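Written out below as structure tokens is the structure these notes cover.
Please read these numbers as outputs of a predicted model, since none were measured by experiment.
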Amino acid sequence: MKTKKYLWGLIPLFGIMLLLTGCGSSVEKDSKDTLAISSSDVIASMDTSLNTDVIGGQALTNTMDGLYRFDGKTLQPAVAKKLVEPTNNGKTYTYQLRHTKWSNGKPVTASDFVYSWRRTVDPKTASQYAYIFSGVKNADDISSGKKPVDSLGVKALGKYTLQVTLDDPIPYFNQLLANATFFPLYKPSVEKAGKEYGLNSKGMVFNGPFKLINWHVSDNSWTEVKNDKFWNAKKVKLHKVQYYVAKDPNTQLNLYDSNRINRLEKIGGDTARQVSTYKTFTNDKFSSTFYIEMNMEKYAFFRNKNIRRAIGMSIDRKQLDENVLGNTGGFTASVIPSGMSYNPETGKDFTSEKPIKSVEKYSSYNPKMAAKLWKKGIKETGQKNLSFNLIGDDTDTSKKQNEFIQGQMEKNLPGLKLSLSNLPFKSRLQKSESGDFQMVVTAWNADYPDPYTFLQIFTTGNAQNDGKYSNKEFDDLVKRSATTDANNKEKRWDDMLKATKILTEDQGVVMLYQYYQANLTKKNVQNYRVSPNGMYNLVTAYKN
């Protein structure tokens, strides 16, 4: 998910203090019923079909419920009664649903899932996440306009029986269903709101542990209250979850130190170093990687492999982590994060396998080689104007990160002049998606714990492939891992290793670091655990 192309949000210190003062004394008194959390930005959308980032994904995870839900690293049944094993050689899943309710008291039915899934793959919806349904029968053809929406391989066999048919086996399919894109939708609410759906809490109904109230898309704070209609409401101990957007590091820390928030997330740079001695400090390893995308469609210069390799070797990632990120970034040679996927035969971490280790040099600091490859690339392309622009987010840490990258590249790549554009997350995302950039720092967070969630976004034509990297051999290997080799664990693993090796050798994207989220959490906050898809399950979270 484009962080799920990662970010950090904005509001002046004075403004946020007014917000906190005005919200009542429950936060100030640290009520056991209320959990106050910092947010890095506003919610862009509460529409399951249109959300693309982590903040919206977390809000949907808090307020909606799919077939399954992660609690920590454990996948558990949610609306589905149990974890289902496929039939028909791995191509058919049949789910018996609990008798659950929407927050308006209406039943959640199999048809609500059918409606939601069809809506997402419908080209008219223009969902950037339609691709995640690839592998569900006819999904690709529907998204490309070749087949009708009602031919999607999902149907209601009864009010509480849902059947899903796949084109080919998907080994991680159950884990995939914990993603917000697969949540059900209440059709009357969606149709009544029309294009405004997901931009205002008014009229929305929820089937998750909490309900979002009095919210509008531009709000810098929002409130979620316990949903008494939630099927597992007895297990939910929190009565209210309050989020506050703060981008300035000093503002964030002041909120935490003054006990106005219980959880400070995504701490970076100098602040991370400053608070690393706090007893409440944690550094959560996320299945998320940051990298630079180069616009290969508009700029032939970036289609040159030597140029891309030179950029990859020009950046000292160790210094970036220590001097800028505050030790919140780990090194991994490829876009696949460590600690996420393991060899089904040997148990070895994907990033520790020989094919990946063999290409580490392309993501390692080597200024002499970088200069050599840069000069070679310039000669091959005939490029004369060596002035480019790098886009990034407008947070304090992002600005310092991009300034560091600018200094490294200008120092080690002869003749290069690199300008910077630091934009609000939403603006940066829009420019990335529209192709209105030369170079951009972005990130991806795993939607499920499998290398395919990263690899597929760099295949030719993928909606998330903003840099338009294209390599036929890479495409074929990724496709093979999801089709002909899907039921052969060993072959599928080998396909993904080979594909990752190609992407890294090509420097189809320039890897920067794996994200380690630095946080401060009050001691009385319990069971606040990150899951493999980067979400937190607040069903089991509580305060002493």
Side-chain angles (χ1 to χ4, degrees), residues 3 6 70 72-75 171-172 175-176 282-292 308-309 312-313 315-322 325 327-366 369 443-459 469 471 473-474 477-478 480-482 485-486 488-518 530-534:
T3 316
Y6 257 108
F70 275 110
K73 294 182 179 180
T74 305
L75 187 68
Y172 50 84
Q175 288 86 347
L176 187 63
T282 59
N283 211 358
D284 296 341
K285 188 175 187 178
F286 268 60
S287 296
S288 175
T289 50
F290 277 73
Y291 48 88
I292 298 173
R308 299 196 301 270
R309 286 178 171 176
M313 294 181 182
I315 303 166
D316 188 335
R317 292 152 181 84
K318 185 178 180 181
Q319 277 196 41
L320 172 63
D321 184 32
E322 292 178 353
L325 303 177
N327 295 311
T328 59
F331 176 75
T332 176
S334 71
V335 293
I336 310 300
S338 65
M340 181 187 75
S341 305
Y342 301 90
N343 189 312
E345 300 295 326
T346 66
K348 196 170 186 179
D349 192 298
F350 187 89
T351 61
S352 299
E353 296 276 27
K354 285 184 179 180
I356 309 303
K357 300 296 286 184
S358 71
V359 291
E360 276 191 356
K361 61 182 179 181
Y362 298 110
S363 299
S364 298
Y365 186 51
N366 189 337
M369 181 57 70
W444 192 260
N445 187 77
D447 291 309
Y448 45 90
D450 189 273
Y452 189 79
T453 186
F454 287 86
L455 296 175
Q456 66 173 331
I457 66 175
F458 301 111
T459 56
Y469 169 74
N471 181 301
E473 186 180 359
F474 172 83
L477 285 164
V478 175
R480 197 183 307 161
S481 74
D485 293 342
N488 188 317
K489 293 181 180 179
E490 196 171 335
K491 283 187 177 181
R492 180 175 182 270
W493 188 259
D494 189 56
D495 291 337
M496 294 190 293
L497 284 173
K498 289 178 178 176
T500 305
K501 182 180 179 182
I502 290 171
L503 180 64
T504 308
E505 285 179 326
D506 277 355
Q507 287 293 282
V509 294
V510 172
M511 182 62 197
L512 291 174
Y513 55 89
Q514 179 173 351
Y515 180 58
Y516 287 58
Q517 181 172 291
V530 66
S531 67
N533 62 1

All heavy atoms of N445 vs all of G534, minimum pair found to be ND2-CA, 3.6 Å
So, do S363 and T504 sit near enough that their side-chain heavy atoms are less than 4.5 Å apart?
yes
Value for CD1 (I356) from OG1 (T500), rounded to nearest 0.5 Å, stands at 4.5 Å
Contacts of S341 meeting side-chain contact (heavy atoms from CB on, under 4.5 Å) (sequence neighbours excluded), chain-then-number -> F350, P451, W493
- [ ] May I ask you to check whether Y291 and Y513 place their ring centers less than 6.0 Å from one another?
- [x] no
Sorted by chain and number, sequence neighbours left out, side-chain contact (heavy atoms from CB on, under 4.5 Å) with A486 holds for P169, P171
message: Is any side-chain heavy atom of M496 closer than 4.5 Å to one of L477?
response: no
Is there a donor-acceptor pair under 3.5 Å between the side chain of T453 and the backbone N or O of D447? yes
Rounded to the nearest 0.5 Å, the CE atom of M340 sits from the OG atom of S288 at a distance of 10.5 Å
Residues passing the side-chain contact (heavy atoms from CB on, under 4.5 Å) test with K361, sequence neighbours excluded, are none
- S338 and Q514: side chain donor to acceptor below 3.5 Å: yes
Nearest heavy-atom approach of R308 to V510 is O-CG2, 3.9 Å
| message | Counting C-beta onward and ignoring hydrogens, is there a side-chain heavy-atom pair between W444 and I457 closer than 4.5 Å? | response | yes
Residue set satisfying salt bridge (Lys or Arg N to Asp or Glu O under 4.0 Å) with R317, at least two apart, ordered chain then number -> none
- Report yes if the side chains of Q517 and Y515 come closer than 4.5 Å at any heavy-atom pair, otherwise no. yes
Show, in sequence, the C-alpha distance, side-chain angles and deciding distance for F458 and V478, and conclude whether the side chain to side chain contact (heavy atoms under 4.5 Å, CB included) test is met. CA-CA 10 Å; F458 301 111; V478 175; over 6 Å; no
Query raised in the report: Under the side chain to side chain contact (heavy atoms under 4.5 Å, CB included) criterion, do L503 and Y469 qualify, and how do the steps go?
Result: CA-CA 9 Å; L503 180 64; Y469 169 74; 3.5 Å; yes
Those residues at least two apart in sequence (or on a different chain) that pass side chain to side chain donor-acceptor pair (under 3.5 Å) with R492 are D450
In this structure, OG of S358 is separated from CD of E353 (nearest 0.5 Å) by 11.0 Å
Residues at least two apart in sequence or cross-chain that pass side chain to side chain donor-acceptor pair (under 3.5 Å) with N471, listed by chain then number, are D506
Query - Side chain proximity check, P449 to Q175, heavy atoms < 4.5 angstrom - result: yes
Could you tell me whether the side chain of T346 and the main chain of K348 form a donor-acceptor pair under 3.5 Å?
yes
Does the side chain of E505 come within less than 4.5 Å of F474's, by heavy atoms? no
Residues at least two apart in sequence or cross-chain that pass side-chain contact (heavy atoms from CB on, under 4.5 Å) with K318, listed by chain then number, are D316, E322
Between L512 and I315 the two heavy atoms that sit nearest each other are CD2-CD1, 4.0 Å
For S531, the side chain to side chain donor-acceptor pair (under 3.5 Å) test, sequence neighbours excluded, returns N533
For F286 and P337, the nearest pair of non-hydrogen atoms, with its separation, is O-CB, 4.3 Å
Hits for ring-ring contact (aromatic ring centres under 6.0 Å, His included) against F70, two or more places apart or cross-chain, chain-then-number order -> none
Q. Under a 4.5 Å cut-off applied to non-hydrogen side-chain atoms, are Q319 and Y365 in contact?
A. no
Taken in chain and number order and not counting sequence neighbours, the residues that satisfy ring-ring contact (aromatic ring centres under 6.0 Å, His included) with Y362 are none
What one should report as the nearest heavy-atom pair of K357 and T351 is CD-O, 3.7 Å
Residue set satisfying ring-ring contact (aromatic ring centres under 6.0 Å, His included) with Y172, at least two apart, ordered chain then number -> Y448, Y452
Closest non-hydrogen atoms of A333 and E360, given as atom of the first, atom of the second and distance, are CB-CG, 3.4 Å
With sequence neighbours left out, the residues meeting salt bridge (Lys or Arg N to Asp or Glu O under 4.0 Å) with K285 are none
d(F454 CZ, I336 CD1) to nearest 0.5 Å is 6.0 Å
To the nearest 0.5 Å, atom OG of S334 lies from atom CD1 of I502 at 13.0 Å
Exercise for review: Compare all side-chain heavy atoms of N343 with those of D349 and state whether any distance is below 4.5 angstrom.
Suggested key: no
